[in-house]
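Written below as structure tokens is the structure these notes are about.
The analysis underlying the following values was restricted to heavy atoms, covering all of them including side chains, and did not include hydrogens, waters or symmetry mates. To find a chain, count down the sequence lines: A is the first, B the second, and so on, and within it residues start at 1. Only a predicted model underlies this, so the values are computations on that prediction, with no experimental measurement involved.
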Protein chains: 2
Amino acid sequence: MSADPAGGEPGVPATVAALPVALDAAGGDHGAPPNVEGAVEAARAGVNVLLVGDRVRLHAELGRHPGSASLPLEVVHADDAIGMDEHATDVRSRPQASINICTRLVKEGRASAAVSMGHSGATMASALLTLGRLKGVDRPAILTHLPARGGFTTMLDVGANADVRPAYLAQWAQLATVYLRVLEGREQPTVGLLSIGEEDHKGSALVLEAHALLRELHGHGVNFHGNIEGRDIFLGTTDIVVTDGFTGNVCLKLAEGEAKVMFGWVRDAIQSSVRGKLGGLLVRPALRGLADRMDPSTYGASILIGVRGLTFIGHGSADARAVKNALLRAARAHEAGLVPRLEAAFRPAVPTP
Amino acid sequence: MSADPAGGEPGVPATVAALPVALDAAGGDHGAPPNVEGAVEAARAGVNVLLVGDRVRLHAELGRHPGSASLPLEVVHADDAIGMDEHATDVRSRPQASINICTRLVKEGRASAAVSMGHSGATMASALLTLGRLKGVDRPAILTHLPARGGFTTMLDVGANADVRPAYLAQWAQLATVYLRVLEGREQPTVGLLSIGEEDHKGSALVLEAHALLRELHGHGVNFHGNIEGRDIFLGTTDIVVTDGFTGNVCLKLAEGEAKVMFGWVRDAIQSSVRGKLGGLLVRPALRGLADRMDPSTYGASILIGVRGLTFIGHGSADARAVKNALLRAARAHEAGLVPRLEAAFRPAVPTP
């Protein structure tokens with residue numbers, strides 16, 4: 001089991017002139033700079049990138065990276081962009097918005113994937129509107145990774161669907177299984193259904209119904225472990241954790257917040273005495289590796305799984321490293337043929353007995 | 001703001017022969033030993049305790065604590081006990097089960113509170129059946145504390161109700177407000193509604209409706225801050241976090257699991273090099289204080305709020321320290337008149353304009 005599902009360099013040959021990844025290059029809290037820097041780094045690692053956004057702004061930004069002119073980077077002009085404070089539904093009326101251009105490039109086969117650190121809701125809406133859903137999938141979900149004992153845990157949905165039906169959870173288990181098989185080489189990843197007790201009869205009405213559906217799928221494309229609890233996410237009890245987008249989003253943000261606050265406490269505790277400060281200097285390198293592991297930018301971005309085309313959604317606060325990792329991951333997902341594999345595996349949505 | 005809501009010694013005069021707390025003395029994963037040890041420690045700190053369980057077993061266990069005969073401890077015999085693997089509904093047909101005797105002692109005014117580290121579902125069922133609900137409260141909730149930046153965050157419901165209605169959340173905000181006012185001296189604690197975005201219009205259908213109810217209560221006994229996200233629990237953005245029992249339980253267990261796994265990683269990282277090991281020896285005392293703060297036994301047990309009588313539910317894995325802290329907290333809640341204060345504050349369930 002790899003400790004880092006973002007993958008990074010392995011799997012992306014540096015010489016292949018592959019279909020480029022379309023990056024919403026003005027998206028995110030910090031605008032163009034981290035996007036362009038991340039794209040330059042990804043291009044150096046062999047990924048072709050289309051930078052979608054204001055032409056003048058992007059060329060100016062590229063000018064700050066010596067040697068970028070010889071990299072497989074291209075600028076695609078977009079007049080418009082959906083701001084972080086605007087409405088997701090604006091994608092309907094603003095076809096020239098950068099995110100819409102990205103998803104259209106995917107739809108038209110001119111880009112392998114769309115990646116955005118911008119408005120998450122707008123990215124989801126644009127992907128759904130332009131690319132549509134895979135056959136057999138009622139609602140796409142956001143799939144992400146959390147660090148866990150022994151590696152990482154794959155969780156979905158972490159925010160696309162606040163209110164869900166049991167069937168969605170069963171479909172997400174199938175999607176995530178194929179995802180891990182194709183991208184991480186895990187043939188039979190285990191699936192846990194997030195609940196408030198391990199017993200089959202415990203949980204919300206939603207969980208009880210989803211449990212029954214997942215039981216039926218067990219052995220038919222899904223390796224269903226049963227119900228799991230909140231603590232199992234970090235313990236890595238199952239490879240995949242399936243939950244509704246409300247609970248999943250709360251979990252993701254709680255986990256990030258807790259890690260941040262706990263590292264602050266460790267730092268404060270160490271610096272509260274001379275003895276601790278001296279020890280702190282000695283343990284710092286070891287702790288740095290750990291902080292890195294807990295850093296969301298290691299994972300780059302999350303895939304919107306279930307749409308007919310690769311779409312990755314990152315943190316608004318993404319830095320260049322996150323952008324780079326997201327682009328590498330998108331290229332890997334394309335090369336591995338994730339979307340066709342999802343389509344193929346998904347055809348018999350419910351197994352015939 | 002105190003860093004430890006369990007309170008501990010302050011507020012419990014060592015000399016008052018107050019109404020005793022009834023402890024379900026065989027409850028929990030480890031049976032009588034941690035319960036009796038915790039009761040002995042609480043009695044030494046001035047809390048009267050009724051140990052409810054098998055007479056022979058409890059006297060034998062007390063015999064292992066020299067000097068316990070002179071402490072304000074009394075054994076109340078119970079023939080029966082609900083095992084951790086039995087059904088919560090068994091409390092209906094087994095009146096002599098220890099937890100039922102505990103809640104009856106509260107009902108009859110012979111004990112100030114019932115405390116159990118045993119079967120949570122059975123404790124809830126027994127409390128509801130024997131003590132009933134406060135007027136104006138549809139469903140009691142489990143209220144607990146999580147460590148947070150600047151102190152702690154009070155969260156409810158963390159597991160009593162997997163499926164809820166918007167009105168429950170509004171009632172829980174009122175209950176928790178009175179709880180913090182009475183027990184922690186916070187006059188206007190802030191209330192956050194757990195959601196997946198701070199914006200008023202984001203969230204599940206449940207959250208949107210609960211948000212409207214909480215807006216109405218703002219200024220009428222509830223200091224409503226608005227929606228908060230998962231990260232705010234550890235950031236301590238609001239004093240109180242209100243959520244359904246499914247999300248709350250998942251959050252609680254995720255937070256505990258993450259702390260445990262992260263501490264393991266810090267230990268492993270430090271021990272992975274000679275340099276780190278040396279530094280580790282120096283930072284150990286500082287980190288020990290932090291581990292203590294993250295330890296659920298610091299908080300003892302959680303109150304089942306909304307029933308007509310004090311009921312505290314602890315971890316099955318509780319150690320003597322958790323039992324002691326739970327008993328101290330129960331005594332404090334009784335002395336502060338929590339239940340009458342809840343009843344009084346709750347009378348006008350919905351404010352008249």
- Query: Could you walk me through whether B/V207 and A/F246 pass the side chain to side chain contact (heavy atoms under 4.5 Å, CB included) check?
  - Reply: CA-CA 10 Å; B/V207 163; A/F246 184 88; 3.6 Å; yes
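Here the CD-CD distance, from A/E258 to B/E256, works out to 9.5 Å after rounding to the nearest 0.5 Å. A distance of 9.5 Å separates OG1 of B/T247 from CG of A/L194, quoted to the nearest 0.5 Å.
For the set A/G121, A/A148, A/G159, the entry with the most heavy-atom pairs within less than 4.5 Å of chain B is A/A148. Looking only at heavy-atom pairs under 4.5 Å with chain B, the residue among A/G203, A/S195, A/G264 that has the most is A/S195.
Although no hydrogens or angles enter the test, the distance criterion places no donor-acceptor pair under 3.5 Å between the side chain of B/D163 and the main chain of A/S204.
B/H87 NE2: 12 or fewer foreign heavy atoms inside a 6.0 Å radius. Open room surrounds CZ on B/R165; 12 or fewer heavy atoms of other groups in view lie less than 6.0 Å from it.
Closest non-hydrogen pair, B/F263 versus A/M262, comes out as CE1-CE, 3.6 Å. What you find for A/K253 and B/I196 is that their closest heavy atoms are NZ-O, 4.1 Å.
The ring pair (Phe, Tyr, Trp, His ring centres under 6.0 Å) analysis of residues 192-212 of chain B, with sequence neighbours excluded, yields the pairs B/H211-B/F224.
The contact between B/A259 and chain A is made by backbone and side chain atoms together, counting heavy-atom distances below 4.5 Å.
Of residues 229-237 of chain A, those residues with a non-hydrogen atom less than 4.5 Å from any non-hydrogen atom of chain B are, in numerical order, A/E229, A/G230, A/R231, A/I233, A/F234, A/L235.
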